[in-house]
Student: 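Questions regarding the structure given below will be posed in turn.
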Amino acid sequence: EEVRRSRENYEALVNTIDGIVWEADPSSFRFLLVSKQAERILGYPVEAWTNNPNFWVEHVHAADREWAVPFCLKAVSEGVDHQFEYRMVKADGSTVWLRDHVTVVTEQGRVTKLRGVMVDITERRRAEEALRESESRFRRVVDSNMIGVYFWEVSGAITEANDVFLKMVGYTRQELAAGRMSWRNMTPREIRGISERALEQMQDKGITTAYTKEFVRKDGSRVPVLMGAAFLEGSRSKGVSFVLDITERKRAEERQAFMMAELDHRVKNNMAAVVSLAEQTLKGSANTAEASETLLGRLRALARTHNALAQTHWDGARLTSLVRQTLDAFRLGATSAVLVEGEEVILPARTAAVLAMALHELATNALKHGSLSTTAGRVGVRWNTEAGGCGLMLRLVWQESGGPPVSPPTRRGFGRELIEGGVAYEASGSVRLEFPPEGVRCEMALSLEAEAVRGPGMDDQGPQGGAKLAADAGEAVGQTR
């Protein structure tokens with residue numbers, strides 16, 4: 001009776017353990033005793049465990065069987081207690097992860113029995129697998145080199161960083177390992193309040209919303225960044241930050257602001273130019289018809305120049321195209337011949353506008369009174385660039401010939417003021433306008449931005465061959481019309 005009560009107490013105790021308590025024969029692995037938890041965990045009745053000598057081997061997951069069985073056999077043969085984790089197949093076909101704690105019982109140097117406890121660790125293994133997958137995804141982000149990532153401490157120390165961030169701030173991995181990087185020291189003094197406010201937000205929520213700041217690079221320059229940060233799990237002293245270099249975005253914003261200001265300036269200037277053209281044209285014209293024709297011609301010249309500049313987003317205009325468009329507007333046809341010759345030049349916007357107006361005035365005068373008023377008349381437009389006292393200069397010569405004899409004008413008209421004043425004011429240049437009997441000659445010197453001279457179609461040695469350019473220009477404008 002005492003033995004019976006003792007066994008009942010023993011079984012009751014065994015069955016309260018949250019695991020499968022078992023005993024087995026060391027030679028065959030046949031279960032001699034299995035606690036009732038076996039049915040709850042795996043779904044098989046206790047009798048299935050004890051009646052089938054091969055139950056354990058047959059129900060170990062196939063992927064684990066090939067190593068788990070030999071592992072256990074070796075430990076038993078050596079008489080060594082052991083623990084190992086493996087999977088068993090449940091009655092419903094699903095899988096359970098078990099951690100098996102095995103005690104090898106020996107008597108007089110011989111293994112007589114195996115005892116153990118199988119603990120269900122399925123949830124733990126799933127959590128570990130999820131963590132590994134999460135860490136793997138995070139590592140892929142860190143190693144992808146698409147965005148800067150660094151780990152930090154509230155004190156300022158940067159403990160780890162990927163290559164993108166190191167390149168962004170100009171430090172080497174050796175300097176990182178030596179502890180020479182501190183996000184506090186890399187933050188400009190005048191904006192450290194931004195980082196402090198981000199830390200305050202993180203202390204409250206564990207994470208901060210994205211914000212912009214600057215880092216001081218190793219060479220002393222600055223890099224604007226967009227960044228977000230979060231404390232590591234369970235910590236309020238260590239965190240991770242994600243950093244995106246927004247240098248190009250900042251440049252684009254600055255360029256946009258500059259372009260808007262420049263557009264506003266140009267609109268105001270253009271309106272002022274139109275008003276001035278109207279006032280001076282009306283003041284200098286003998287009648288309404290003449291005033292209307294002259295004003296419309298000048299406005300169309302201005303519009304053609306703006307159209308040419310708009311096609312290049314106001315980065316400049318090709319001089320050859322500018323000359324062609326200006327002279328085409330007069331529909332010269334077969335009444336004259338025009339020779340255009342010169343290297344390809346990209347004119348700055350301001351210079352293009354004033355030169356187009358000047359050419360328009362010269363062509364208008366030539367058509368009314370000069371060489372373009374007769375079939376025998378000729379106009380030559382030639383130019384070249386050369387270094388001057390104020391930098392690179394464009395020298396352009398308008399030469400008329402074959403027309404009626406020229407007499408110097410008796411008064412100084414607005415057209416001449418437009419040419420000479422515009423070149424001097426808008427292009428920091430000069431104009432020499434002569435009226436010899438054989439034909440009007442106008443020589444203009446206009447200042448150019450150095451980078452404006454080189455345009456598409458120009459090789460590293462400078463403008464392409466003079467003969468080819470002359471032929472191209474002649475074909476574009478028409479040496480014989």
Side-chain angles (χ1 to χ4, degrees), residues 137-152 156 158-176 180-199 201-202 207-230 239-267 308-318 346-350 352 448-458 460:
R137 288 196 298 267
F138 180 72
R139 179 52 58 185
R140 287 196 293 271
V141 171
V142 172
D143 295 338
S144 66
N145 287 337
M146 294 187 298
I147 190 170
V149 181
Y150 70 94
F151 295 84
W152 48 267
I158 295 178
T159 57
E160 185 56 74
N162 68 352
D163 291 339
V164 173
F165 181 73
L166 292 176
K167 183 178 180 180
M168 197 182 299
V169 295
Y171 284 85
T172 65
R173 191 157 293 281
Q174 290 73 24
E175 290 169 322
L176 170 66
R180 298 177 186 174
M181 295 180 64
S182 166
W183 64 264
R184 290 187 179 275
N185 294 341
M186 291 161 57
T187 301
R189 185 179 300 276
E190 69 272 15
I191 62 170
R192 288 181 182 174
I194 297 175
S195 297
E196 295 302 326
R197 286 191 292 273
L199 276 176
Q201 186 181 30
M202 291 172 61
I207 191 170
T208 180
T209 54
Y211 62 98
T212 58
K213 63 173 285 186
E214 290 182 328
F215 278 119
V216 178
R217 304 178 82 252
K218 181 183 175 182
D219 62 8
S221 61
R222 297 189 179 189
V223 54
V225 298
L226 174 68
M227 62 181 296
V240 59
S241 290
F242 298 87
V243 188
L244 183 65
D245 185 344
I246 58 172
T247 301
E248 291 304 319
R249 193 187 83 176
K250 284 288 188 182
R251 287 175 180 169
E253 290 174 350
E254 291 169 358
R255 178 175 174 80
Q256 183 180 29
F258 173 78
M259 290 177 67
M260 290 301 295
E262 187 176 8
L263 178 62
D264 179 63
H265 173 72
R266 284 174 179 164
V267 169
L309 291 171
Q311 292 175 359
T312 62
H313 304 288
W314 287 81
D315 284 336
R318 285 176 176 268
I346 306 300
L347 297 173
R350 291 165 64 94
L448 295 175
E449 299 173 358
E451 66 270 22
V453 177
R454 297 192 55 77
M458 303 176 71
D460 291 339

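No hydrogens, no waters, no symmetry mates; every other heavy atom, side chains included, goes into these values.
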Student: Could I get the full list of side-chain contact (heavy atoms from CB on, under 4.5 Å) partners for S221, not counting sequence neighbours?
Tutor: R217, D219
Student: For residues 164-172, dump all side-chain donor-acceptor pairs below 3.5 Å to protein atoms at least two apart in sequence or in another chain.
Tutor:
{"residue": "T172", "atom": "OG1", "partner": "E175", "partner atom": "N", "Å": "3.2"}
{"residue": "T172", "atom": "OG1", "partner": "E175", "partner atom": "OE1", "Å": "3.3"}

Student: From N185 CG over to I158 CD1, what is the distance, rounded to the nearest 0.5 angstrom?
Tutor: 9.5 Å
Student: Determine the minimum heavy-atom distance between V149 and V240, stating which atoms define it.
Tutor: CG1-CG2, 3.8 Å
Student: Measure the CZ-NZ distance between R222 and K250 for me, rounded to the nearest 0.5 Å.
Tutor: 12.5 Å
Student: Which heavy-atom pair separates N162 from G148 by the least distance, and what is that distance?
Tutor: OD1-CA, 3.6 Å
Student: Can you name the side-chain hydrogen bond (donor to acceptor under 3.5 Å, both in side chains) partners of R184, sequence neighbours left out?
Tutor: E196
Student: Only counting residues at least two apart or in another chain, list the ones meeting side-chain hydrogen bond (donor to acceptor under 3.5 Å, both in side chains) with W183.
Tutor: none
Student: Which distance, rounded to the nearest 0.5 Å, do you find between the CE of M186 and the NZ of K213?
Tutor: 8.0 Å
Student: Please list, chain by chain and in numerical order, all residues satisfying side-chain contact (heavy atoms from CB on, under 4.5 Å) with A229, sequence neighbours excluded.
Tutor: W152, M202, T208, S241
Student: Can you measure from CE (M227) to OG1 (T209) and round to the nearest 0.5 angstrom?
Tutor: 11.5 Å
Student: For T212, enumerate each residue passing the side-chain hydrogen bond (donor to acceptor under 3.5 Å, both in side chains) test, keeping only those at least two apart in sequence or located in another chain.
Tutor: none
Student: Distance from L176 atom CG to T159 atom OG1, nearest 0.5 Å?
Tutor: 7.5 Å
Student: Would you mind telling me which of F215, F242, Y211 makes a side-chain contact (heavy atoms from CB on, under 4.5 Å) with V225?
Tutor: F215
Student: Tell me, please, which residues at least two apart from E248 pass side-chain contact (heavy atoms from CB on, under 4.5 Å).
Tutor: R251
Student: Salt bridge (charged side-chain N to carboxylate O under 4.0 Å, His left out) between E160 and R173: does it pass, once the steps are laid out?
Tutor: CA-CA 9 Å; E160 185 56 74; R173 191 157 293 281; 3.1 Å; yes
Student: Tell me the closest heavy-atom pair linking P224 and D245, and the distance in Å.
Tutor: O-OD1, 3.6 Å
Student: Just jot down the salt bridge (Lys or Arg N to Asp or Glu O under 4.0 Å) partners of R192, sequence neighbours excluded, or say none.
Tutor: none
Student: With R197, which residues qualify under salt bridge (Lys or Arg N to Asp or Glu O under 4.0 Å), at least two apart?
Tutor: none
